[in-house]
Amino acid sequence: VTDLLVPAQRRPGSADPVAALAARMRDACATAVDVDEVAAILEASGINDRIAAAEYGAPTVFALAQHVVARTHADGPPPVEPAVVVAGPGARRVVVDTLVRSAIYLAPLGIGAGAAPELRGLPALVTTGTLLLGWGGGQALAYLGYRTLSEHGAEHGQVAAARLLGTAFAGLTLAWFGVLAVAGVPGPRGYAVAAAQLALFAVATVALVTNRERPVLTWTVPCWLAAGGIALGLGWPAAVGLLAALGVLVAVAFRPAARTAPAPVRRRTWQADLCRALLFGVVGTGQAALLMLVVSGDASSPRVPPELVPLLIAVPLIELTLVWHQRRVAAARAVLASRAAFDRRLARVTAGTVAALAVPVGAGAGIAVATWFGARPPGGQALAAATLLTGVFALCLVLAAYRRAGTAAILVWWPALLVAGVTSWAPALVRVAPQFPQTLAVATLLGASLPGLVVAAFVLRDPESYR
Amino acid sequence: VRVALVNEGTYPYVTGGVSTWCNQLVAGLSDVDWELMAIVGTEPDRPAMPLPDNVRTLTAVPIWGAARPVRARADRAAARLCRGMLGETSADLVVFAEGLRGLAELAQPWPRQRGRHPLAGAPLADLLVDAWAVARAQGVRLPRLTLRDADEAADLIEHAVRPLAATVPSGVDVVHANANGLSSMVALAAKWRTGVPFLMTEHGVYLRERYLAASGQSLGVKTALLRFHRALARLAYREADAITPVSGFNSRWAVRHGADPAKISVIGNGVDPARFPPLPGEPAEPVISWVGRIDPLKDVETLIRALAVTRERVPGARLHLAGPVPVGNEAYAEGCRAVAEELGLTGAVTWAGPVASSREAFAAGQLAALSSISEGMPYTVLEAMMCGRATVSTDVGGVAEAVGDAGLVVPPRDPVAFGQACAELLLDASRRQTLARRGQERAQAEFTLERCLSAYRRCYSRLSAVDLVAA
């Protein structure tokens, strides 16, 4: 049953018991840090000073361990310790996982866009307001969910995180209902739409945090179909179908919460985590605000905005770029033993990543310049703005992933505030030049993405980012 | 006298083993005011046992969970820690001590505040890589340390030094670390900050246990961690004002790693005679009783093989195994059952499961067996002796010291020797009874609870300069 080290040494006929012991301990000696480790192994195998003296002629176990190590070295170099290989998923699996994750990210946006005709006539507080709340709340709660996951460990983490997120999103929904009621939103339709939007964000958040993207993604298919039905004009049957599919999706996504209760981990304080979560919430809300300003201007717009297309295409590519970067850096740290060598490798990897991040920025700038000089590229300034927005989101993701959430918040909020502020406070400009908001959006996004790209390059290049 | 008793991963949040010892000490020394400090993984819920009235405070010291970084830079102290721990010489140990002391100063709590974690946020992995390169260049034998190894080792060391942030209540006369390692780190920090004396008790050997627990890590990570623990253990042995291992066997490691033999006094475990009165008689059948958890360290497999040897001379011999199968040891237990089946002993081995008292299990046998391959000072042997049962034990840890000439001691992992010893006693009632009586006398003379408590009472008196004995 157990690895019997000692009795094998007591086999009769062993002329040199120390040599026999050294032969059997060759592997242990190869990975032993020092003689004391060999002595510890010998003692755990039942050899004490008396046995060392009686059977091996060594006065103590420590002396015997010294003899064993010396004999191992004398009999030739000890076997080289095989390099520790951390079994990780292959490239194909990583790509598929990343695409699945991206699909989960995009589900609230995509399903919401498909169901846009059902939002017609609802107040902006229900549509745009809920989008801002759901996006920001999702980011904030995702952070708290990951913290809970790490604190409870692998076994109970899923349950604890799912319960936390379920409770928090339920509370958020009820509080939002209160706000809508105070604002005088009439009828059940507005509340149903708000609840559905928040449920989509809750599902995406819990799926990502509990690492259950695949089963959850499978159950989003009925939602996509129902949303498609709404977009094709099937009306209330499709809307009812969407709500029903959403109910099932919520049940699937939060299923871990129903498992056996883990022992609660008492926390001294949530203060630091809440501050951090709030920061992520600010980033998420800023992203949502920028999206609304650049892409459609109103979530209740009765069409699926074509400007979403660059975002839908780019999100998986951005995710893949970031995963590629992380894997390259991790591989470098796994094999290199020199900080200088790592620094050189990091410079090369970062150059590749920054080049990829620069693609949407360059493409957006190119379309904008072409439009400015009178060319008529499809989509014009709107496409340029959407492409630049994709670039800003990519930079935002990088900054948030490498502990620069504050910088990410600045990156998304200053263009959002500038565009919203100018168009609100100078409506005359919009009347005189209807294209002004789009031109302003392009200019501010370009103004945000160029320095953002430089900051992201510094962050990716900084070895401190990988501690 | 006020004593801060520091434990890691045991009392009062876990039952059995060292916790039993602690509970006896705390409840037994009712004239001592206790400040309990428990190093734990994360914030625990509540103690696993009721605390005696003379416990003033219980402070949990979590080493995982959210970090509280220090407000000043710890780079310099961290660099000295890394440099010192990798070397082999006394001068290196001094450098390590300076580094750890610097971290202790940084971690020191301000009035009405909690201590801070000195290495949280420090670039420890980089410092470790640099120190590693210097040590290799100076000829220290070290394996290759990749940056990922350094990240992993730095993370573990950062958590390992978090006990430096623990605050020993003011007015404490002695800090009693109930092991080397992290418990002793709390005592070291208190000694450096306020000069309070530091007593160390070792039940097992902390450093040896670290060596044995280090498998599964890459060689670089393992080496870094063991160098840290070795330096810490050596420093604690050097700085402790008194060291009280439970057996002379354990003190060998302390002396090897720099403890002054003059500071060492062995205080064996104690058993309460009132809880283990002599058993009135013995069963008619030749049964060997065994008490413990089903664990590879207890080497139940050899015991079963020994039964086969015993039955060659005592055909009716049976084995009564009393004890739980801990979570994670199910496969081992199954393996033992398979060995019994393979040897045709299925009907001769009773798996009695957990028992309320070991005395109950000893009553089922004519003699008591201990087949472990590693022990400190096992209670089961002392309890069997106190109950008046002859013992057959393996020569591990402090067992031979405990048994003396009052039982049979055979080499570990030797089923033939063990089985023959059992057969001898089962066949010779007179010898069995002589050894049982001798064991009982020895236990009552050397290993009573009161004797153990008195030894610690004297120890606290000496260190605190308070005459607790007279009081």
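In the text below, chain A, chain B and the rest are named by the order of the sequence lines, each starting its count at 1.
Defined by atom type and a distance below 3.5 Å, a donor-acceptor pair is missing between the side-chain atoms of B:Ser371 and B:Asp299. The closest side-chain donor-acceptor pair between B:His257 and A:Asp36 falls under 3.5 angstrom.
For the options B:Asp126, B:Ile373, B:Leu207, heavy-atom pairs under 4.5 Å to chain A are most numerous at B:Asp126. For the set B:Arg252, B:Glu334, B:Arg141, the entry with the most heavy-atom pairs within less than 4.5 Å of chain A is B:Arg252.
Within 6.0 Å of CD in B:Glu88 there are more than 12 heavy atoms belonging to other residues, nucleotides or ligands.
Contact of A:Ser150 with chain B is not made at all, since no heavy-atom distance falls under 4.5 Å. Looking at B:Asp151, the atoms closer than 4.5 Å to chain A (heavy atoms on both sides) all sit in the side chain, from C-beta outward. The part of B:Ala122 that comes within reach of chain A is its backbone (N, CA, C, O), which places non-hydrogen atoms under 4.5 angstrom from that chain. Using a 4.5 Å cut-off between heavy atoms, A:Ala54 does not touch chain B at all. Only the side chain of B:Arg256 comes within less than 4.5 Å of a heavy atom in chain A; its backbone stays farther off. Using a 4.5 Å cut-off between heavy atoms, B:Leu226 touches chain A through its side chain atoms alone. For B:Asp130, the part lying under 4.5 angstrom from a heavy atom of chain A is the side chain only.
One N or O on the side chain of B:Glu401 and one on the backbone of B:Phe249 form a donor-acceptor pair closer than 3.5 Å.
In this structure, B:Tyr13 and B:Arg46 have side chains that are not in contact, with every pair of non-hydrogen atoms separated by 4.5 Å or more.
With a 6.0 Å cutoff to the six-membered ring centre and a 45° limit on the axis angle, B:Arg208 does not count as a cation-pi contact of B:Tyr206.
Between A:Phe342 and A:Tyr466, the ring planes lie perpendicular to each other; the angle is over 60°, past the 30° to 60° tilted range.
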